Amino acid sequence: MFSTAFLDLPALQGASGTVTLPGSKSISNRVLLLSALCQGTTVVHDLLDSDDTRVMLAALRQLGCDVLVDGTTVTITGLGGCAWPREAIEFFMGNAGTAMRPLTAALAVQGGDFTLKGVPRMHERPIGDLVDALRELGCTIDYLGNEGYPPLRVRQPTLQLDKPIPVRGDVSSQFLTALLMALPLAAQDRAITIEVVGELISKPYIEITLNLLARYGIAVERQGWERFVIPAGSRYQSPGTIHVEADASSASYFIALGAIAAGDPSKGSQGKGIRIQGVGADSIQGDIRFMDAAAQMGAQITSGPNWLEINRGAWPLKGITLDCNHIPDAAMTLAVMALYADGPTTLRNIASWRVKETDRIAAMANESRKLGAIVEEGPDWITIHPLPAGQWQRASIHTYDDHRVAMCFSLAAFNPDQIPVRIEDPKCVAKTFPDYFEALFSVAHTAAANIPVICIDGPTASGKGTLASRVAAQLGYHYLDSGALYRVTAHAALQAGLTLEAADEAKIADLARQLPVRFEGEQVLLNNVDVTDAIRSEQGGMNASKVSVLPAVREALVALQHSFRRLPGLLADGRDMGTVIFPNAALKVFLTASAAKRAERRHKQLISKGFSANIESLRADLEARDARDMSRSASPLQPAQDALQLDNSSLSIEDSVAQVLDWWQGKSR
Ligand code: DC
């Protein structure tokens, strides 16, 4: 997951390959609650691991449910038949509507002393219609803040189940879903009828609810979309095992990707199209119908029971006018596809966008306009005009703590003007798809020249490694410690019984060319063996310095170093990053510090790792190594002509990081 303040997406040129998507949020949270309410143990496979499901799991544990999480498999022992908690409990629901609404209803019907709170945005999301329906039923619910909004306090009900229970259906279908899941708890000796007031929106989500209720033993009778009857004698029963489909709303970004992005011609037939694993056209999720809308805009889609394959069809895409009531969440993705169309696209009947994680009509309009698009909006519609080549603008996309805004606008990186796109607060995707950007980067491609590289070169112990890895962490970029490659090469050569002299140059180069090295966080593995400590010693550094003077060895490591240049970007540190390996890097920094300062730092570092060390001899070693690195004929240590010099002798690491980020901002404006 990217937890950086922002993520700069380089201009992307194409996409191809397979993605496996995480489980559906709607199915996951329903299944969790149903498993908790029923009798018996349920094993849930492929559960989504996200903010919203964590909120639900935490709440179920607070209620006393036995929950065992093993990766994406969760085993839940239901509360059915067990004692319902009588002590006061306070639940924190974050911004998870799919947890807040049904849990409120279930708690209110069962009774107790419960408080339900969330983040500030949750306290702005309406829940009055559900509370009204529950009060009608005899539940006791108080508003603790504003009338009609969380936080809420729920107490003991006096249930009156003899007359139909009215619930509004035109604000959020989650209210009806909440009642449908809560009322079987009260339907032991009588049938219960729910009557929908107003036109029911987002019907497909109700279908998911009914479908899952059936899996848990509750056969709701549906009379049109107006009346729902829960039969007398209904009782939750565990299905034993249940599989969660991949999220169809998450699939929308990759369906759109297949429709927008050209394949990768360098990969031949392998380089064509996007395959989505985990959900197919027969999904029970309403948002799967997004595929029809995408096809109308030009996508070519084929499907099997558990997969979809998407290729670019019509290009540019075709502008459409569509009633999106049946695909409220996925329809946001159409708004970004519309930028690549041949005419305007109007999405109608989307009033519910205004009460989601943020006001999504306003968000999509504002952010599209930042890119240069012309957008019109009304209370329940939006029109997006295509954005022709030559008119795209560099933008920093605000994401409003809304996962879908972030995921949608990542697709703007395929713009014909090859302009990078900044996504603010990228971790907001964790709501439903924590590894969204990793999944995108695993299939997206672009010219190497589009992938930014920042080089930090400098002498031994100047603090390059710390600086480079911190800057990489701030930007969400990959990190190449090129010195480690020379250190590992020397280590491997000695292990193979070679000397580190010119006599063995060709053999060392052969080793270097196929170095089985892997970096895992701070650890360096050679042939799956941890060699971190061995190569990080002073001796390891001296050995590296020896092999690094051999031109054939340097040449042999070039391809390996280039392979670190991957999306979304790279921080590379070493001696010749800016001069030889990445001469076209966008930013080159030459980092120095006085020999005395460097010896002092290296001394501290070695002592903290438990090595013994002497400052004077360290300083002598450093100076000897500098002399060798600077005087060798192959890629001697010297600043690139266009490098910015940074002497950090009297700077804290934070100051140095801030300076490099500041230079980078200046370059990427
Ligand atoms: O940065 P370091 O101390 O880990 O580097 C170890 C040795 O490797 C150093 O003495 C010089 C050499 N080196 C190099 O020649 N070119 C690089 N890009 C990185 C390191």
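Just follow the structure's listing: the first ligand is 1, and inside any ligand the first atom is 1. Just the heavy atoms: all of them, side chains too, but no hydrogens, waters or symmetry mates, feed the values below. As the structure is a computational prediction, the values presented were derived from the model and not from experiment.
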Between [Y] and [X], does any NZ, NE, NH1 or NH2 come within less than 4.0 Å of an OD or OE carboxylate oxygen?
{"X": "R554", "Y": "D576", "answer": "yes"}
{"X": "D626", "Y": "R628", "answer": "no"}
{"X": "E357", "Y": "R404", "answer": "no"}
{"X": "E600", "Y": "K604", "answer": "no"}

Item to complete: Could you pull out every protein residue that has a heavy atom closer than 4.0 Å to ligand 1, ordered by chain and then number?
Response: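 T460, K464, S482, G483, Y486, R487, A544, S545, S548, R554, G574, R575, D576, M577, R625, D629, R632.
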Worksheet item: Mind checking what makes ring-ring contact (aromatic ring centres under 6.0 Å, His included) contact with F414, not counting sequence neighbours?
Response: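 Result, ring-ring contact (aromatic ring centres under 6.0 Å, His included) vs F414: none returned.
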Worksheet item: Any chance the side chains of D573 and Y479 put a donor and an acceptor closer than 3.5 Å?
Response: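 Result is yes, a qualifying pair exists.
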